[in-house]
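Each remark here refers to the structure printed beneath this line.
Residue numbering restarts at 1 for every chain, and letters A, B, ... go by the order of the sequence lines.
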Number of protein chains: 2
Amino acid sequence: MSIFNKISFKDQAFKLRESAILDATTSILGDKGFDLMTMDDVANAVGISKPSLYKHFKSKEELVGEALIRLIDGAITYLADIDKDLPPVQKLRILLEWAMRVRLQGGMPFLPSTSTSVRSMLMKNISYVTRILKLNSQLEKLVIAAQKSGDLNPKLSCDVILFSYYSRTCDPAVDYLKTFSKMSDDAIVEHMLQVAFNGLTSNSAQ
Amino acid sequence: MSIFNKISFKDQAFKLRESAILDATTSILGDKGFDLMTMDDVANAVGISKPSLYKHFKSKEELVGEALIRLIDGAITYLADIDKDLPPVQKLRILLEWAMRVRLQGGMPFLPSTSTSVRSMLMKNISYVTRILKLNSQLEKLVIAAQKSGDLNPKLSCDVILFSYYSRTCDPAVDYLKTFSKMSDDAIVEHMLQVAFNGLTSNSAQ
DNA sequence: GTCTATAGCTGGATAGAC
DNA sequence: GTCTATCCAGCTATAGAC
């Protein structure tokens, strides 16, 4: 076994641990949110010490940024893999279903916090902002196309639809149903999609 | 002027300051959320020192609890004053409009945080839980009646509708529209009510 | 690169003078 | 009841031994 293989192994282990750290971060963030998540929490969950954690990510902000970038990249990839022949509104529905399922399995919402401080922190992360803008421009195109075809309400402004769409990816109703109702994950997703697209009233097509 | 009047004056001033403290708390809470709000923030906003603040409220948790109780009481009072002859779904719509306007004017959402720790903190506050249960039972009756009359979708479980309804009172889309769009408060409220009740699709009655 | 130990700071809560 | 001054816990981040 040459020295190159050793380096490669080490490198691979490093990547694996980094991935484990991001997994733990994602899970803890989904549970406690940014402010209450501590670096000790993450280090303990992964089984390493805090200084080791800081060898991988030089600050809490960077760590959370990387975790969010991975999430957004996942969304972009998932969206790209959806059958291209489906109508835009179907693509939006399928992506939203994916986001809800990610969260139901202990993941993180697209919007990790609604507080202005966390938002401004993320906006300083150029890499993150780039991904968000990329995803957003794709979603915007889908919304406009769906409005043109009449599948989404053309009377609503595109902003209203987009922001509402993002909000549904972190709708606390999903958490409450998971915690307090006895519904299955499938049933929760189905009902929440129904509410998101057709609202609470009944005078709408199923 | 008798000693009794003096006491009364002092008492009145005390109540006034207490009210000012709750106003400041509400505003800061609406902006930063529970975790980032500090007792120094509140004391500075009111113009008193931190120990004085602690003379009124013996902990941060109690302070936030009282602010939330005042908010829920406001909702209960507002709901009670709505024209009794209106159909249930209209009452729900009017109350939701009120909640959105309160928030647009710098107030606090019904759900001040989605994190489990804040939720468990509030659940220990008996006085708060009592109010929430009172409001909730009234809303539940309205939802069931509206489902019976066909105004709300009878195929959705009551839980789904109620939790979604609460979520709309703290929908981050409202904040984003306020911050990033040039829509008036009236327009934001109107569009968000439309989205909440009729969804994002267009095949629904206006 | 990993740890133990700790610096430095912030924020909740209080002691004690007035 | 109000303040100044302070305690203490817990957090981010790092120094320094191995």
Side-chain angles (χ1 to χ4, degrees), chain A residues 3 6-22 24-25 28-29 31-67 112-113 115 117-118 120-122 124-125, chain B residues 3 5-22 24-25 28-29 31-68 112-113 115 117-118 120-122 124-125:
Chain A
I3 186 175
K6 270 188 189 169
I7 290 173
S8 171
F9 271 144
K10 229 177 177 179
D11 224 43
Q12 218 172 344
F14 195 85
K15 284 283 175 196
L16 271 178
R17 175 144 46 202
E18 205 154 279
S19 172
I21 292 173
L22 290 178
T25 303
I28 297 170
L29 264 182
D31 181 43
K32 311 172 91 172
F34 178 80
D35 307 324
L36 291 181
M37 185 195 88
T38 74
M39 297 301 264
D40 280 304
D41 288 338
V42 178
N44 290 336
V46 180
I48 60 175
S49 70
K50 199 158 49 166
S52 302
L53 176 55
Y54 274 93
K55 294 287 178 188
H56 288 82
F57 302 93
K58 73 173 192 294
S59 71
K60 182 181 178 181
E61 304 199 349
E62 180 185 304
L63 172 59
V64 172
E66 292 297 323
S113 166
S115 83
S117 58
V118 175
S120 75
M121 172 197 91
L122 291 173
K124 286 176 199 153
N125 188 329
Chain B
I3 187 176
N5 281 329
K6 271 187 190 167
I7 290 173
S8 170
F9 271 144
K10 232 177 177 177
D11 224 44
Q12 218 172 345
F14 194 86
K15 284 283 175 196
L16 272 178
R17 175 143 44 201
E18 205 154 279
S19 173
I21 293 173
L22 290 178
T25 303
I28 297 169
L29 218 43
D31 181 42
K32 311 172 88 172
F34 178 80
D35 305 325
L36 291 180
M37 184 195 87
T38 73
M39 296 301 265
D40 281 303
D41 288 339
V42 178
N44 290 336
V46 180
I48 60 175
S49 70
K50 200 158 49 167
S52 301
L53 175 55
Y54 274 92
K55 292 290 179 186
H56 288 83
F57 302 92
K58 74 171 189 296
S59 72
K60 182 181 178 183
E61 304 198 350
E62 180 184 303
L63 172 59
V64 171
E66 291 297 323
L68 277 166
S113 167
S115 84
S117 57
V118 174
S120 75
M121 171 196 92
L122 290 173
K124 287 178 198 153
N125 188 329

Problem set entry | All side-chain hydrogen bond (donor to acceptor under 3.5 Å, both in side chains) counterparts of A:Ser52, not counting sequence neighbours | A:Ser49
Exercise. In chain order, what residues pass the side-chain hydrogen bond (donor to acceptor under 3.5 Å, both in side chains) check against B:Ser59, with sequence neighbours excluded?
Worked result: none
Problem set entry | salt bridge (charged side-chain N to carboxylate O under 4.0 Å, His left out) pairs, two or more places apart, involving residues 59-68 of chain B | B:Lys58-B:Glu62
Problem set entry | Pairs satisfying salt bridge (charged side-chain N to carboxylate O under 4.0 Å, His left out), at least one member in residues 41-51 of chain B, at least two apart | B:Lys32-B:Asp41, B:Asp40-B:Lys50
Problem set entry | Sugar-phosphate or base contact per nucleotide [nucleotides 3-18 of chain D; S, B, -; heavy atom under 4.0 Å] | BB------SBBBB---
For this session: Mind calculating the distance between CG (B:Leu53) and P (C:dA13) to the nearest angstrom?
Result: 10 Å
Problem set entry | Between C1' of D:dT2 and CZ of B:Phe57, the distance in whole Å | 17 Å
Exercise. Could you state the interatomic distance from CD1 (B:Ile28) to CG (B:Asn44), rounded to the nearest 0.5 Å?
Worked result: 8.5 Å
